[in-house]
Amino acid sequence: MMLNCKNATKLMSQAQDRPLFLKERISLRFHLMMCSGCNNYNQQMFLIRKACRHMGGRSKE
Amino acid sequence: MEGGLLNNEQQPTSESFTDIDLTKLRTEMLRFATLQLRDSTSAEDAVQEALSAAFVAKDKFEGRAKVRSWVFSILRNKIIDIIRERARHPSQSLTQEDGSEDELNELFDENGRWRKDVQPSSWGQPEETYSNDQFMKIFEICLKTMKEKVARVFMMREFLGLETSDICTELNISESNCWVILHRGRSRLRLCLENGWINNEEIT
């Protein structure tokens, strides 16, 4: 089934907390190829994590 | 949990406890603890205890790691203890409603596509963003506006570095609830950052 943006963001958020299943990774990758909004969301998830670590004295991790 | 007080954050540099700017470190720690605990008294206590613990153990430590990351790791453990203690009080506990997706639905149309006005735009060079003071200022403002219960889960995950399975156990919620709360928190935070950072870089 095609992933919509809402479910794509759910997977991108969960990817920060657990390993995604292969099926989830494939459908997410496919969605990201076509959706710039979600692409930006994805990059920002990683940036938020880095910013949190930076603030908590763990910038080198 | 991140294995004990002296965890694996050692850097191959020798830095002495007396070399660092304690006032600056204390301010940073206080800011961090206040964000986590949302209460300046508990934050003060946690920072004080962490600094004392660090000072007492400083001979064992000298030269083994960066002072800042070491002291922060002690502080994180203190904060986790306080959160754990608080979670025992029923008035503080999370309910089923805290795992609701309503807030997320507002971001998307009926087909689950981004609503035009909240669709994420590009933030430019990511490496330069989080080392930018202006961005970190907005970041802190946005964290403070997070709803208390969402913030608690988010902070435990992102600042204290706990796994979601541990967070559920601590807060007595299901793991899927935990994921929904984190998804909500991150999406809100992202939107707040975008409004503050991209659309209005002049915020001070």
Side-chain angles (χ1 to χ4, degrees), chain A, chain B residues 2 8-9 11 25 28-29 31-32 35-36 66 68-73 75-76 101 104-105 107-109 111-114 118-123 126-127 129-131 135-136 139-140 143 154-155 157-161 163-165 175 178-180 182-187 189-190 193-194:
Chain A
M1 205 192 84
M2 283 283 287
L3 210 56
N4 62 27
C5 299
K6 187 186 165 198
N7 290 327
T9 63
K10 185 189 284 183
L11 286 184
M12 289 185 275
S13 173
Q14 290 191 11
Q16 303 284 323
D17 307 316
R18 66 173 176 90
L20 296 183
F21 294 109
L22 182 63
K23 212 173 114 194
E24 293 173 322
R25 284 209 305 273
I26 292 171
S27 53
L28 180 58
R29 188 169 296 177
F30 195 67
H31 180 87
L32 288 177
M33 285 196 294
M34 308 176 300
C35 179
S36 64
C38 284
N39 245 304
N40 290 330
Y41 184 96
N42 201 32
Q43 285 175 21
Q44 289 153 14
M45 288 300 103
F46 289 97
L47 197 132
I48 285 172
R49 173 150 293 175
K50 279 188 177 170
C52 290
R53 294 197 165 164
H54 182 72
M55 202 172 203
R58 297 190 294 160
S59 46
K60 291 291 190 303
E61 265 179 38
Chain B
E2 296 180 63
N8 52 2
E9 288 175 26
Q11 306 290 323
L25 180 65
E28 285 178 1
M29 290 169 79
R31 182 188 299 152
F32 180 75
L35 275 172
Q36 313 291 314
K66 285 275 186 205
R68 185 173 184 267
S69 44
W70 176 60
V71 178
F72 262 95
S73 72
L75 179 62
R76 282 201 295 278
E101 290 195 23
L104 282 166
N105 292 335
L107 302 173
F108 304 96
D109 68 17
N111 298 317
R113 276 191 295 253
W114 288 107
V118 292
Q119 175 168 330
S121 43
S122 171
W123 292 359
E127 300 78 21
T129 310
Y130 77 92
S131 49
F135 176 81
M136 291 312 289
F139 192 66
E140 196 182 333
L143 285 172
F154 180 82
M155 304 277 185
R157 178 76 190 110
E158 300 294 348
F159 285 86
L160 305 176
E163 297 297 331
T164 45
S165 54
E175 196 159 26
C178 197
W179 285 331
V180 174
L182 286 168
H183 183 199
R184 265 173 58 192
R186 289 175 178 134
S187 299
L189 180 60
R190 194 213 68 75
L193 287 169
E194 186 153 315

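Lettering follows sequence order; numbering is per chain, from 1. None of these values were measured; they are calculated from a predicted model. Side chains are part of it too, since the values below use all heavy atoms of this structure and drop only hydrogens, waters and symmetry mates.
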With B:Glu140 via salt bridge (charged side-chain N to carboxylate O under 4.0 Å, His left out) - residues at least two apart | B:Arg31, B:Lys144
More than 12 heavy atoms from other groups under 6.0 Å of CZ on A:Arg18 = yes
Among A:Met45, A:Gln14, A:Met12, residue most engaged with chain B (heavy-atom pairs, under 4.5 Å) = A:Gln14
Are any of the side-chain heavy atoms of B:Phe108 and A:Cys5 separated by less than 4.5 Å?
-> yes
A:Asn40 versus B:Pro120, closest heavy-atom pair with distance | ND2-O, 3.0 Å
Which region of B:Leu35, side chain (C-beta onward) or backbone (N, CA, C, O), has a non-hydrogen atom less than 4.5 Å from a non-hydrogen atom of chain A, or is it both or neither?
-> side chain
Pick from B:Glu175, B:Glu158, B:Met155: which one has the most heavy-atom pairs with chain A under 4.5 Å?
-> B:Glu158
So ring-ring contact (aromatic ring centres under 6.0 Å, His included) across residues 4-38 of chain A, not counting sequence neighbours, yields none
Okay, B:Leu75 and chain A: the region with an atom under 4.5 Å from a heavy atom over there is neither
For B:Leu143 and A:Met55, run side chain to side chain contact (heavy atoms under 4.5 Å, CB included): C-alpha distance rounded to whole Å, both residues' side-chain angles, the deciding distance at 0.1 Å, then the answer.
-> CA-CA 12 Å; B:Leu143 285 172; A:Met55 202 172 203; 4.1 Å; yes
Taking the inter-plane angle between the rings of A:Tyr41 and B:His183 on a 0 to 90° scale, is it parallel (under 30°), tilted (30 to 60°) or perpendicular (over 60°)?
-> perpendicular
Step-by-step side chain to side chain contact (heavy atoms under 4.5 Å, CB included) determination, B:Leu193 to A:Leu47 | CA-CA 11 Å; B:Leu193 287 169; A:Leu47 197 132; 5.9 Å; no
If one checks every heavy atom of B:Ser187 against chain A at 4.5 Å, the contacting part turns out to be both
To the nearest 0.5 Å, how far apart are CG in A:Asn39 and OG in B:Ser122?
-> 10.0 Å
If you look at every heavy atom in B:Phe139 and A:Ile48, which pair is closest and at what distance?
-> CZ-O, 4.0 Å
Given a strict heavy-atom distance threshold of 4.5 Å, which part of B:Thr164 is in contact with chain A: side chain, backbone, both, or neither?
-> side chain
Please report the closest heavy-atom contact between A:Cys38 and B:Trp114, naming both atoms and the distance.
-> SG-NE1, 3.3 Å
Identify which of B:Arg186, B:Gln119, B:Arg113, B:Arg157 forms the greatest number of heavy-atom pairs closer than 4.5 Å to chain A.
-> B:Arg186
Is the shortest side-chain N to carboxylate O distance from A:Lys6 to B:Asp109 below 4.0 Å?
-> no
Nearest heavy-atom contact between A:His54 and B:Arg68 is O-NH2, 3.7 Å
Could you check if a side-chain atom of A:Asn4 sits within less than 4.5 angstrom of a side-chain atom of B:Asn111, using non-hydrogen atoms only?
-> no
Does a side-chain heavy-atom distance below 4.5 Å link A:Gln44 with B:Glu194?
-> yes
